[in-house]
Amino acid sequence: MRPSKFDNRRDRMLKAAYGRAIAPLALAVATSTFAAPATEPEVREFIDSAGARAGELGVKATRAEWVFQNFITHDTQQMAVEASKALTTEGGSNAREARDYLASPGLSPATRRDLELIRHSVSVPSPADARSIAELVEIGAELKSIYATGKYCAEDGECSVLRDMELRMANSRDSDELLELWQGWRQVSPPMRDLYSRQVELANKGARDLGYVDLGDYWRSRYDMSGEAFSADMERYWQEAKPLYEALQCHVRDRLEAFYGEAVMPDDGTIPAHLLGNMWAQGWSNIEDVVMEGAFEAPYDLTRILEEREMDEEAMVKMAEGFFTSLGLEPLPETFWERSLFTRPEDRDVVCHASAWDVDAKDDLRIKMCIQRTGEEVRVVHHELGHNYYQRAYNEQPYYYRGSANAGFHEALGDAIALSVTPAYLVELGLLDQLPETSEANTIAQLMNLALDKVAFLPFGYIMDKWRWQVFAGELTPEEYNAGWWKLRREYQGISSPVARGADAFDPGAKYHIPANVSYSRYFQAHLLQFQFHREMCEKAGFKGPLYACSAYGSKAAGEALNAMLSAGRSVPWQQTLADFTGKDDVDVSAMLEYFAPLKSWLDEQNRGRQCGWEA
Ligand code: X8Z
Ligand code: ZN
């Protein structure tokens, strides 16, 4: 059913009256199992039983999904779809029921919040009917499968999987080869476009049934504040971080031009997307050699250390676990080592995009990741274990509190820990023989390596959802998807497409989280939050000195404070959880700015006299 003009007008009236859009009444009645107001005990009973039912189906769906993602075949896909249908049916009906109960007068604030959590507990809401549920779930599995099994076959018939193409993009300095890889991977996504737009249509309808304007409104409203306030905060954080990004973009552009020559560089101030060492130009640390050439050298190379010490994938995971246990947290369970996937199997298709799993909400923790033995991946391994340690910490909570304070916290934890992988820490582990000498060059090199990942990421982290918010709101038609994508890439990142993109291209689909339908604001927030977490852990550890030199390794005090935050799960609004940990109830960009302050001054110096900025 398409919303009529009348629905829209009534929505606006209701919105004016209640501060947020309410589902059209007819729809609410049609999909509701509850009409009369309920008492507090009745609602509490619903909350408990909904959690028990969803929990049980969740374990089944997670197991089926694990098997599907580890062995992608027609049959495993169908089995995952079946389990997911059951969960989507249950989750959706609970969410709609929670929406109805919210109309009951006299409920306690705590119960109202619990109902809001249930209303928000589905990531991709479906309309209530079984046909829509089946279609939505099938599309979701199909999109994931297209991405995970995608291959690019070159003219000579040689076919490559994404992981190998990523590795070549990281290491090649031949712009023709880079362009081929960049275009090659983008051949995988055009078949996704129509499936994607149908998915959007169905999920929007599901979101409207829950009382939201569209899926974007639903996603934005999960942050213990209104969706409008959330968007405004995201923009404010970005504005605060932007001068640092612009300084980095300007310098990197200059260095790339010096390396590749003027011919490859557009004269509008943007950087072509294929030269940044990463398939999506979201993190640029793989080209640190180009960026630093002639100025200074990285004082050490973690990738080389892994090679020299013959550290394999499992050893990398052990190293990350060692950090968590040094803070006083328990070692991972034996089953983690038995059941996780660390390397890409050659004989079958798997979802290689790294993920961390909590299968039974007890202690069946696992990661699934096609680990590459690089310094960059050391960070990703810490990232994934951060998820597992968070999951374990909140497992004692009631069902709907089992989650991070907000999605950004989950993404920030492991990254915050990885910020403690400093030269001094590597010396302590015996991976570096001695501390690099203290010099401006070494400090800048260390900060540059990290900024190329963390600072470069920010506008990418922001536009992934900005694009989807436009799509969900119907501001971009499928024919306009790609042009809308590049408009944002250009405006926020100062990055342009190296070649004109055809009308049927679907470049957003070449990034995992679009076909997998995972919201992305969480990563943007996490890239800021992790510096806040790091600053706090360093303070708890009693560290004196610049933030970039701090490692909280071995600090039980930091571990204790951290664990208190993790085990709270989402039992209280995230602002409160953050305030309990850091004393401040908002994302604070100043931690990241403080961390990179020496680099910012250095970049400003380098950029003096250069033409910075770009035509949006
Ligand atoms: O997807 C991830 C994690 C899994 S939650 C590996 N990340 C984002 C990405 O790869 O695009 C981590 C940082 C950003
Ligand atoms: Zn993650």
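Both counts, for ligands and for their atoms, begin at 1 and track the order of listing. Owing to the predicted nature of the structure, the values given are computational and were not obtained by experimental measurement. Position 1 is the first residue of the sequence, and the numbers go up from there.
A side-chain donor-acceptor contact under 3.5 Å links N286 to the backbone of G277. A donor-acceptor contact shorter than 3.5 Å links the side chain of N406 to the backbone of F409.
Remark: the D465 side chain and the S521 side chain contain an N/O donor-acceptor pair separated by less than 3.5 Å. S519 and R522 share a donor-acceptor pair across their side chains, judged by distance under 3.5 Å alone. Donor-acceptor pairing under 3.5 Å is lacking for the side chains of D415 and Y523.
Under the rule for a side-chain hydrogen bond (donor to acceptor under 3.5 Å, both in side chains), T577 has no partner lying at least two apart in sequence or in another chain. With sequence neighbours left out, the side-chain contact (heavy atoms from CB on, under 4.5 Å) criterion links T343 to E313.
Classification of the F342-F336 ring pair by plane angle, with boundaries at 30° and 60°, yields tilted.
Counting only distances under 2.8 Å, and ignoring water, the protein N, O or S atoms around the Zn ion (ligand 2) are H383 NE2, H387 NE2, E411 OE1.
At a heavy-atom cutoff of 4.0 Å, ligand 1 is surrounded by Q282, H353, A354, H383, E384, H387, E411, F457, K511, H513, Y520, Y523.
For the side-chain hydrogen bond (donor to acceptor under 3.5 Å, both in side chains) criterion with Y152, the lone passing option out of Q187, Q183, R186, E180 is E180.
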